[in-house]
Amino acid sequence: MMDRDTLLDVRDMTVAFGKGRNRNVAVRGLSYTLKKGETLAIVGESGSGKSVSSMALLGLLPPNSASIEGGTATFHGRDLLSLPEKDQRSLRGDRITMIFQEPMTSLTPVLRIGIQLTEALIEHKNMTKAEAEARAREMLVLVGLDRPEHRMRQFPHELSGGMRQRIMIAMAMAADPEILIADEPTTALDVTVQAQILDLMRTLKREFGTSIILITHDMGVVAEMADRVVVMNRGEKVEEGPVAEIFAAPRQEYTKRLLASVPRLGTMAGTSAPRTVVAEPRQVGEVLVRAEGLNKTFAERSWLFAPAKPGTVAMKDVGFDLRAGETLALVGESGSGKSTTGRAVLRLMEVDTGRIEIKGTNVRGLGVAGLRRARRQMQMIFQDPFASLNPRISAGGLVAEPMVIHRLASGRELEDRVEELFLRVGLERDHIRRYPHEFSGGQRQRLCIARALGVGPELIVADEPTSALDVSVQAQVLDLMLELQQSLGLAYLFISHDMAVVEQMAHRVAVMRKGQIVEIGARQAVLNDPQHPYTRALLAAVPVPDPGRVRGALPTLDLATLPTGPLAEVAPGHMVAQ
Amino acid sequence: MTDTVTLAAHPEDAASARKTGFFRALLSSPTGIIGLAIVGLLLIVALAAPLLAPHDPLRMAAGPRLQPPSWQHWMGTDDFGRDVLSRIIYGAQLTLQIGAIAVGISLTSGLFLGLVAGYASGWAEKVLMRLVDVLFSFTEIVIALACLAIFGVGLTNAMIAIGIASIPFYARVTHSVVLVEKNKPYFEAAVAAGAGHGRLIFRHLLPNVVPTLIVVGTLGVSTAVLAAAGLSFLGLGAQPPQPEWGFMLSSSRDLISRAPWMMIFPGLAIAFTVLGFNLLGDGVREALDPRQRQR
Amino acid sequence: MARFIAQRLLAALVTIWIATIAVTLLIHLVPGDPVRIMYGSFQTTPEQLEEIRQRLGLDQPIWKQYLYYLGRLAQGDLGRSIVGDQPVADILLTRFPATLALTLTSLVIAVVVGMSLGFLAAYKRGTWVDAGAMVLAVIGVSMPHFWLGLLLLFLFALQLGWLPVAGGDWKSLILPALTLGLANAAVLARMTRSAMIDIFDQDFVRTARAKGLPRAVVLYRHALRSGLVPIVSMLGLQFAYLMGGAIVVENVFAWNGVGRLAIQAVFARDYPLIQGFILFFATVVALASVIVDVAYAFLDPRIRYS
Amino acid sequence: MRTTRKRILGPALVAATLASGHGVAAQELVWARYGDADSLDPHRATSTLSMQVWDQIYDTLLAFDMEGTPGPNMATSWEVSEDGLEYTFALADGILCHDGTPFDANDVKFTIDRAFGDNPSLTRTSWGPITGVEVLDPLSVKVTMSSKFGAFLPFLADSFSSMVCDTNTADTFGSSTAIGTGPFSLVEWVKGDQIVLAKNPEFTNLGDPVDNPGAPYIDTLIIRTVPEPQTRLAALRTGEVHIAEPPFDDVPAIQQSGDLDIIVAENTGQDVFWEFTVSRPPFDDIRARQAVAYGTDPQMAIDIIYSGLTNREWCPVARGVFGNDQEFCEQYGYPYDPDKAMELLAEMGYGPDNPLETTMFVWTGGNRHKLAEIFQAQLAQVGINAAIEIMDIGTMNARVKEQNESPDDPSPGTFDMMTWSWYDPDILYQLWHSPGAYSGFQNAELDAMLEETRTTIEPGARLEKVQAVIKYLMENAVHVGLYSPGWEWVFAVRPEVEGFKIGPFLHPIFTDVKIEG
């Protein structure tokens, strides 16, 4: 029976891809209800079927490959799943609307914003063009965009990601829908933008009284947004309940594990060192890397008849020290120059000016042979472990390669070393002959780590090593990295945008913004007592997986007064841009 | 002349194809099977031509002149009384030779140029690729004509001309694949691991470029066969008495109303061969990149 | 936008410039003495050959020859043909309208047939419509132009007598244009299908569907308009292929264009004419690609407003 | 097969038609040929296709009668000096050029000077050893030679000596303008497509072997290019075209049905013959040349390809040309004898396991490549592997010369099916006297014999000298006749066309033509 408050009632929904032998069930017997005015979060890791289930509601599944094999979804007495296309269409974009993960690609590139904002209104609300445009302008203001007239005439490529997501929200809310399905609406956005968008969604929800189905993998976002939560795993519902209950007392093993692996900012506030995972961790030693005054500008390709444009500044006077056995985290949003810095240290990219010393040797001055020798001491692991493994070389071959290059071992000895490394990073002996595609994401990152370890490096630059992984896998990989550091004394230059992860891993933290380090210091100092306004904004924006926490107002960054000058020491070892 | 649908094979899927077996993947698609069958048949016909052909392809008055298809001459006879079927069977040898030589020339040279340009980067790449682009925009037939104007006409020269004419295409494809591969993290990972030029090119780039080029090369055979037949049709390629299909077509023109079989069968042979290599190329692409299958 | 056009024009100029170099080198790549090859027929005395050598500047160092060539080119002088001793530029210009008519008609046929077929196949992806269209397309791609031409000729001109076999008026344009157009329609159908499938998989098409827009609006306003961008960018190349294909087709149908002229020139080793043809061809193709690029820019706001 | 086609007339043509028609139905004759003229400038081309157009636009000082003997035309009389080095011509009065200017001695001087001018004239050597042209008065002109030249007078009857009016000074001369005194004037030339000619109302026939003494009866002559034989036949049948070369394979059927008249030109002066690269092996050896001659059967080949429309030719000069005598030539000729060919090859060390490898050059068109394929098959049977290379005539001329001039080339020497059309045995001088057109076979003995054919003017004596050369050339297998005539000599004519005549040496004459009905 349907509750009076129940807006949508999903029963036994089953969705499969392919047919016959290739049939692959994506959603199996999913049931949930959505009440008026509530936000229901559907959480799960990749492949849990959370997106597919909501696409099915709107009839947006790819017609030739996916099929809804069973179940009902009752909305105002009608079953969405069996509705004729025409009726489905009249609901879509009017009473049920949707926003997507990728704001960059979700708007039609060749059409002006104005058309894209108004066409659904004209279609569903019988508005005239002028009425629809008025409504669109109103919505643009509501979602926090300035100069609505101008925006209407713009094309998507002229707007930033955050602005596009605001447009998407304006588009979805303009029709005053009963249900808004938001599919990972902030995943592709920087954390500060995410915070603003989440704020906006909360505000609009209050104003419009819309029910929201929020699809996300981020427990922090869930805690901040949801009234109730449905946890999914491998196409099935694991658990359902009010948000506080799920976080406080998860009943299912899976939910417990999921919550346990979510890093929570603040849990390490009390200690200065990273989490200890071995009995006798190696201590931080001498300075290993010293970078000074690194500058890099990516030149715009100049055109014959036009004056050369100023390039993009990727690094501006970047400098830091990194000691043996220490982790320095480089944090910042996309485009802050943190990856550039990591690559510059390994000389995978040439800087314009500056000095990089590794154990006293100036890396920038090395010749080809010297550089190759130097690369024994420094290895890198990348964000996408799959892409960083050559698909045509076996796992064993990949792990062996750096040792072969540096002529460290050969023949039987090499084979033994490879096997040893596989076991060391938690892989098995019979994995050696396999190819990268036969591994899971976490295993691949282990493979990358094994490959890096082979030459006995002292420094590993880890560029977002876990951001492509599910949280449960992320926790395992981070553990491995900590264990290796504490037993081998590795230094990590740890590049990440995730403050919670950084808190677990880092001894020291450098916050980057627009190519510049705005704050650097001991992790405790920077995270617990941020001095730079940008650091504070960044930390305030991090969603905390604690539904009980009351979020304060977001600090607004005043760009005019934002200190961007040289670093000055505010406390011993704690430097802040002035 | 050339189909420019997405050519890049995706190595990750190629690797998954290896797991299930490349040939099993190839044979699981109708395109692959038909393509393989046609090309296989062609190979057999070419190799066993002396056994299969009922008559000497060059012997005049093997039958009466301009005889329509009959039991003695399944595809009729030409204006010299030569057996058309036998000529077509022997023509398969020439056709495969054309494909192998033309594609051989363009593939090796194009691969080399594209690899060098893509790996070198900087001004060398710019100059090289700009030049390749310009040559590419000349179109293959004009380059081939220019080559023939220089070397003189003849089937061997036509094969070489077609080979040369297609180099820009292969260079472009190689270059674009190299650029894609070079920007993948695994390449940077190899650089970071300290790999030298040789290792980067031969162990990392080349194996990832080759699958795409196998696809392009297979499709390229069909382009080359078409182009050579075209040149022979125009009288710039094969010379008498070579039983080259395009040339046979051109000699059928004056007799098109009196002896249409002289025009129909060689044309079918060309179309069939080209179809075979096109399907095989599509099949190989699908087998290397299962995502294409849905396309 | 202006900058974009200027950039494309400059690229076209580079192409033409390289073509002039290639064309100057061409004659020197021919084994043997070019003058003897060109004028070595009956009744030409050695003195006359020497005269010609001087007149053509072939006794000069090659860089001087090139400058000389450029100088003449600037005055619209492409040299004189060997056969008949007439200005190459005049010959090419009188013959070009026929080729242009053939190429443009074929382009229209190719675009209309090919794009509709490709679009339909992409839209009906995975169904028998798609399969049928693609079987047609792959057969079309595999058919030699000249054979298709002969078949059409045999069927429509000789058997049915509906259309003339050859000649210069619009009726005789039908068969060659159909031959060239259909053969390229097949290629275009495959490209369009592939491009449209990419587009249909794009997030913005899903957005448009999620807005509950009528299917036609999603297809035409969102998908097709975006799909035109990559498709139009391929048309430049397509035009070049059509021009190349015209060389063969003109010979099948005795169509009096530059393509037939080019083949005759190769047979007659009329090098000035061959050189002129290559340069002319490169220029036409380069200019066509500028036009296509500008059209492309108009379709793609990312270029139009930058 | 039906084809319907209407042409849009060019404005110039419309004007011309209206001007000449005076409201009466203007008569328009369409003549379709496989190719177009190369140039309308008679010094810039040598092809028969070009020549046949010049015939209509220009006139010559002398003209051939049907037997091929030159007689008066625009020159009413001439005198030759005692030493044979000076020719003085008296010109007919009242001849007008197409632009209305009178034709006089200055035009003759203009024409000859032009042939000897700076621009490469393709006819220069054919004019003979001319050293000067002098205008004596408007109607008499004197030409001076450095040595005797027996072929000068016949040359002046050939279209190579077409008289060009001295008003032809424009750049466009030869391509879009051409002013002559012939029966038709140029209206328009759409290159590769058609040449439109209008009748010259002022024309007076002074020497052509036709009945009409004045201007042509037809108003317009359109010479159209239709490359495909089947298309020409189709157009003939629908009546779009009045005169055209038919497909050879269809001639017997046409003759049988009688719906078109087949006219085969005689005395064309055309000769198709074997010729060899004698400067290096294998054809530096006479036995190899003879083997080719014995190993091929021209009669069989022409029967298959040309359905009896041409003749076996034994002589190095064609029928109708001074010196041609089949009986005389046959005694030195090479009848088809494969055994003899094999014998000769065996003597040279060639055999079934070691065939003689060479290349045969053939020029495009006229089904000659098919003829070559038959010869190729015949030669294969005696042990000669001859690759065929098909090329344009100009290219072939150049290639043959190049071959002869590269004695050190390691590849085997070539041979070719060469063709020439000439109105006088002087062709032998041009071909074989040092340095020779192709730098081919030549020696002092032959040079001396050829010299005498030029300087001996008296017919009886000249015949002796010419036949001595013929015997020498044939015995040495240097110039082996195959067949004659050989190209563009068969015309299919619609029944309503009357009075179409082909003068000797393949000069089609349209002044007598009327279209009935």
Rounded distance (nearest 0.5 Å) linking atom [atom1] of [X] with atom [atom2] of [Y]:
X	Y	atom1	atom2	answer
D/Arg44	C/Ile82	CZ	CD1	13.0 Å
C/Phe267	D/Thr364	CZ	OG1	6.5 Å
C/Leu261	D/Lys191	CG	NZ	10.5 Å
C/Asn256	D/Thr225	CG	OG1	7.5 Å
C/Arg80	D/Ser175	CZ	OG	7.0 Å

Do the side chain of C/Gln86 and the main chain of D/Ser176 share a donor and acceptor less than 3.5 angstrom apart? no

D/Ser279: what forms a side chain to side chain donor-acceptor pair (under 3.5 Å) with it, not counting sequence neighbours? none

Look at D/Pro435, D/Gly192, D/Ser50, D/Ala45 and state which one has the largest set of heavy-atom pairs under 4.5 Å with chain C. D/Gly192

Could you work out, with ring-ring contact (aromatic ring centres under 6.0 Å, His included) as the rule, every residue matching D/Phe155, not counting sequence neighbours? D/Trp127

Does the side chain of D/Met391 come within less than 4.5 Å of C/Arg269's, by heavy atoms? no

